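First, the structure itself, so that you have it in front of you.
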Amino acid sequence: MAQDKNPPTLPIPEDKKERFEKIKAKFIEIYGEEPKFFSRAPGRVNLIGEHIDYCGYSVLPMAVELDIIMAVSPDTQGQISLVNTDPQYQSYNVDVNQIVITKDVPHWYKYVLCGIQGIKEHFQSDTLRGFKAVVDGTVPRSAGLSSSSALVCCSALSMLKANEWTMSKEQLAEVCAKCERFIGTEGGGMDQAISLTAVAGKAKLIEFNPLRTQDVLLPPNAAFVVGNSLAEMNKAATPQFNTRVVECRLAAQVLATSQEGVKWREIRRLGELQEKLVYTLDEMLNLVTSKLHPEPYTKQEVCEILEVTPEELVETSLSANTTHVDSFSLYNRATHVYSEAKRVVQFKAICDQQPGNALEQLGELMNQSHASCRDMYDCSHPDLDTLVEVSKANGAVGSRMTGAGWGGCTVSIVNAEKVSSLLAGVKAGYYQPNPDKFSKVDEALFATTPGGGAAFYIA
Ligand code: ADP
Ligand code: NG1
Ligand code: MG
């Protein structure tokens, strides 16, 4: 893969000028000087491949138009000064050498600090510049469109340029995937990779270890509609996300104990176990059926199988906010992961071959993905399930929750000619009956095409 130096510096598009000017005006009002540059990183919608990036499996997202923009000016004194255009977020200042990111409350500025700290650790320089910034975001928060990673990536870009350092988009994606873990979520790297490497007009297949990306050309008659259920969940503030990461790790380790010649302590991901066994995904699904039981495992049972004490289990398999969890679903989680990994391969193959009924085939895979997220991964929400059904009843060929789930958005695939009727039907069927949701429908429901990736803009 080409390792271009630094994401591109682009002219501000005509239709975005007003927003950039507003951010610039705010910057001048706050800091009494003009910003030197803008950084921008988009959110994303994941088309298929949910909750499998952290198991080592490929995913297939595209960037959206919604983004985080920062107006920036380097600070040679090493101060970081952050102001958000949204008044609900308090301003924050810190010396770049004094950054501490605690995992307790995920305050907004900690995501910015994650990006700064990641770049700092990568370059290990004795002389560091800070920066002053005004942050403006349009990605809905905690809605599965990755506002957190857009913020982390945008911040990393700002730190990089403020210090006049260079790094390829791919290197940045690796750094940003790791540094978002400072705040406590154990994600797999999909969000940062697509935000940084997206190409307008194309979805991407993203593979991990090492990070690789391939453009995916979607069928010409395919359009995508995103609907925010408006149920919200912050991933860093709740243990559900990390519990899934841990359940997948335990499933891999428990399965490993059933295989001769495999040391479970060397296995941390379901994908690593497949590699070690040199099995197909179908063979892995059979292994799950024959070696795991569908009922949840108690912590005691897991400890007995792995022959460790509960204290040792914390060391070998658990994470900071999951030490209290005492029941783990291993069969269901592993079944979801291996079947979802298979659906991603099938989705990519359909896009490559473009058969006449590509849209229907892709839609069916998305429907299966939603059912698996809902029933096997327990990461849907009743509002998401309703939104999926309303979308399918109004012309969507396929519909599924997207992102981590437990609330947030759905993505539907629809024939491009039927976008307007789908939007109208979902507006009437899902939003209108609820006055609170209906008041937000204009931001919550939209058609989207694959957007471009992160970039700098001249101030
Ligand atoms: P998601 O990534 O799916 O949107 P997360 O729960 O991972 O959801 O991250 C949401 C958090 O990211 C918010 O609670 C907030 O702290 C931070 N965030 C996102 N966008 C912004 C923004 N524009 N300004 C400030 N903080 C933001
Ligand atoms: P969101 O929905 O943006 O919080 C999270 C993870 C991804 C991936 C998805 C589920 C982070 C930063 N993001 O995304 O890596 O695991 O859930 O597919 O942890
Ligand atoms: Mg997030």
Side-chain angles (χ1 to χ4, degrees), residues 23 40-61 64 66-70 82-92 105-115 118 133-155 173 176-195 206 208 226 228-229 231-238 240-242 244-245 248 269 319 336-337 340-341 344 369 372-373 377 379-380 384 400-409 411:
I23 303 170
R40 171 188 181 271
R44 60 101 187 95
V45 57
N46 189 19
L47 300 181
I48 198 149
E50 218 60 85
H51 285 282
I52 61 171
D53 57 347
Y54 51 79
C55 298
Y57 287 107
S58 309
V59 294
L60 211 152
V64 291
L66 305 168
D67 59 17
I68 304 274
I69 293 176
M70 287 170 84
L82 306 172
V83 172
N84 201 302
T85 55
D86 183 336
Q88 73 166 295
Y89 297 114
Q90 283 191 350
S91 301
Y92 184 78
V105 185
H107 294 296
W108 79 277
Y109 58 82
K110 291 188 187 171
Y111 293 91
V112 182
L113 298 183
C114 283
V134 167
V135 180
D136 183 69
T138 55
V139 191
R141 285 126 222 188
S142 299
L145 300 185
S146 236
S147 66
S148 64
S149 304
L151 187 52
V152 171
C153 293
C154 195
S155 163
C176 289
K178 288 203 191 87
C179 70
E180 192 162 342
R181 295 184 197 146
F182 294 143
I183 205 160
T185 41
E186 303 229 345
M190 155 172 66
D191 308 345
Q192 302 84 356
I194 189 67
S195 182
I206 299 187
F208 301 97
V226 172
N228 189 345
S229 70
E232 263 188 41
M233 193 195 72
N234 182 296
K235 262 72 73 180
T238 45
Q240 277 98 323
F241 184 84
N242 285 354
R244 294 296 177 277
V245 178
C248 289
R269 295 158 187 244
S319 55
H336 166 77
V337 169
E340 184 77 355
V344 173
S369 171
S372 183
C373 285
Y377 222 69
C379 64
S380 190
L384 281 171
R400 57 180 295 272
M401 53 152 276
T402 184
W406 296 287
C409 292
V411 57

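In this text, all values refer to a predicted model and were calculated from it rather than measured experimentally. Note that ligands are numbered from 1 as they come in the structure, with each ligand's atoms numbered from 1 the same way.
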Please say whether Asn46 places an N or O atom under 3.5 Å from an N or O atom belonging to ligand 2.
-> no
Does any donor atom in the side chain of Ser372 or Glu340 lie under 3.5 Å from an acceptor atom in the other side chain?
-> no
Does some side-chain heavy atom of Gln240 sit less than 4.5 Å from a side-chain heavy atom of Cys379?
-> no
Counting heavy atoms only, name the option from Ser147, Cys409, Ser148, Gly405 that's nearest to atom 4 (O) of ligand 1.
-> Ser147
Look at the side chain of Ser195 and the backbone N and O of Gly43, then say whether any donor-acceptor pair between them is shorter than 3.5 Å.
-> no
Among the heavy atoms of Asn84, does any lie under 4.0 Å from an atom of ligand 1?
-> yes
So, for Ser149 and Gln192, which heavy atoms are closest and what is the spacing to 0.1 Å?
-> OG-NE2, 3.5 Å
Could you tell me which atoms of ligand 1, counted from 1 in the order shown, lie closer than 4.0 angstrom to a heavy atom of Gly137?
-> 23 (N)
Measure from the side-chain N and O atoms of Lys110 to the backbone N and O of Val105, and report whether any donor-acceptor pair falls under 3.5 Å.
-> yes
Residue Tyr54 vicinity, atoms of ligand 2 by number, heavy atom under 4.0 Å | 16 (O)
Looking at the rings of Phe241 and Tyr54, which for Trp means the six-membered one, are their centres under 6.0 Å apart?
-> yes
For Glu186, is the nearest heavy atom under 4.0 Å from an atom of ligand 2?
-> no
Taking heavy atoms and a distance under 4.0 Å, where does Arg44 meet ligand 2: side chain, backbone, both or neither?
-> side chain
Of the side chain and backbone of Glu180, name the one, both, or neither that has a heavy atom under 4.0 Å from an atom of ligand 2.
-> side chain
N/O of Gly188 under 3.5 Å from N/O of ligand 2, yes or no?
-> yes
Within reach of ligand 1, part of Pro140 (heavy-atom separation under 4.0 Å) = backbone
Contact summary for Leu151 and Val135, nearest pair of heavy atoms = CD1-CG1, 3.8 Å
Closest heavy-atom contact between Ala150 and Ile68?
-> CB-CG1, 3.5 Å
Could you tell me whether the Mg ion (ligand 3) has an N, O or S atom of Ser142 under 2.8 Å away?
-> no
Would Arg141 and Asp86 pass as an ion pair if we require N to O under 4.0 Å?
-> yes
Gly403 touching ligand 1 at heavy-atom level, < 4.0 angstrom | no
Checking Arg44 side chain against Gly403 main chain: does a donor-acceptor pair fall under 3.5 Å?
-> no
Is the closest N or O pair between Ser149 and ligand 1 shorter than 3.5 Å?
-> no
Quick check: does Asp53 get an N/O under 3.5 Å from an N/O on ligand 2?
-> yes
Which atom names give the shortest non-hydrogen contact between Arg269 and Asp53, and what distance separates them?
-> NH1-O, 4.0 Å
Any Ser58 side-chain heavy atom under 4.5 Å of Ile206 side chain | no
Out of curiosity, is Gln192 lining ligand 2, as in a heavy atom under 4.0 Å away?
-> yes
Could you tell me whether some N/O pair between Ile52 and ligand 2 is separated by less than 3.5 angstrom?
-> no
Between Trp108 and ligand 1, which residue portion shows a heavy-atom distance shorter than 4.0 Å: side chain, backbone, both, or neither?
-> both
Short list, please: which atoms of ligand 2 are under 4.0 Å from a heavy atom of Gly144?
-> 2 (O)
Under 3.5 Å: N/O of Asp191 near N/O of ligand 2 = yes
Is Ser149 touching ligand 2 with its side chain, its backbone, both, or neither, if touching means heavy atoms under 4.0 Å apart?
-> side chain
Any side-chain heavy-atom pair from Leu113 and Tyr92 closer than 4.5 angstrom?
-> yes
Would you mind listing which atoms of ligand 1 come within a distance below 4.0 Å of any non-hydrogen atom of Ala143?
-> 3 (O), 4 (O)
Which ligand 2 atoms does Ser146 reach within 4.0 Å, using its non-hydrogen atoms?
-> 3 (O)
State the atoms of ligand 2, each with its element, that fall below the 4.0 Å cut-off from a heavy-atom position in Met190.
-> 8 (C), 9 (C), 18 (O)
Short N or O distance, Glu180 and ligand 1, threshold 3.5 Å exclusive = no
What atoms of ligand 2 come closer than 4.0 angstrom to any heavy atom of Glu50?
-> 10 (C), 18 (O)
Would Glu180 and Thr185 count as having a side-chain donor-acceptor pair, cut-off 3.5 Å?
-> no
Looking only at non-hydrogen atoms, find the nearest pair between Asn46 and Thr402 and report the distance.
-> O-OG1, 2.8 Å
Pick from Asp191, Ile68, Val152, Leu151: the one approaching atom 18 (N) of ligand 1 most closely through a non-hydrogen atom = Leu151
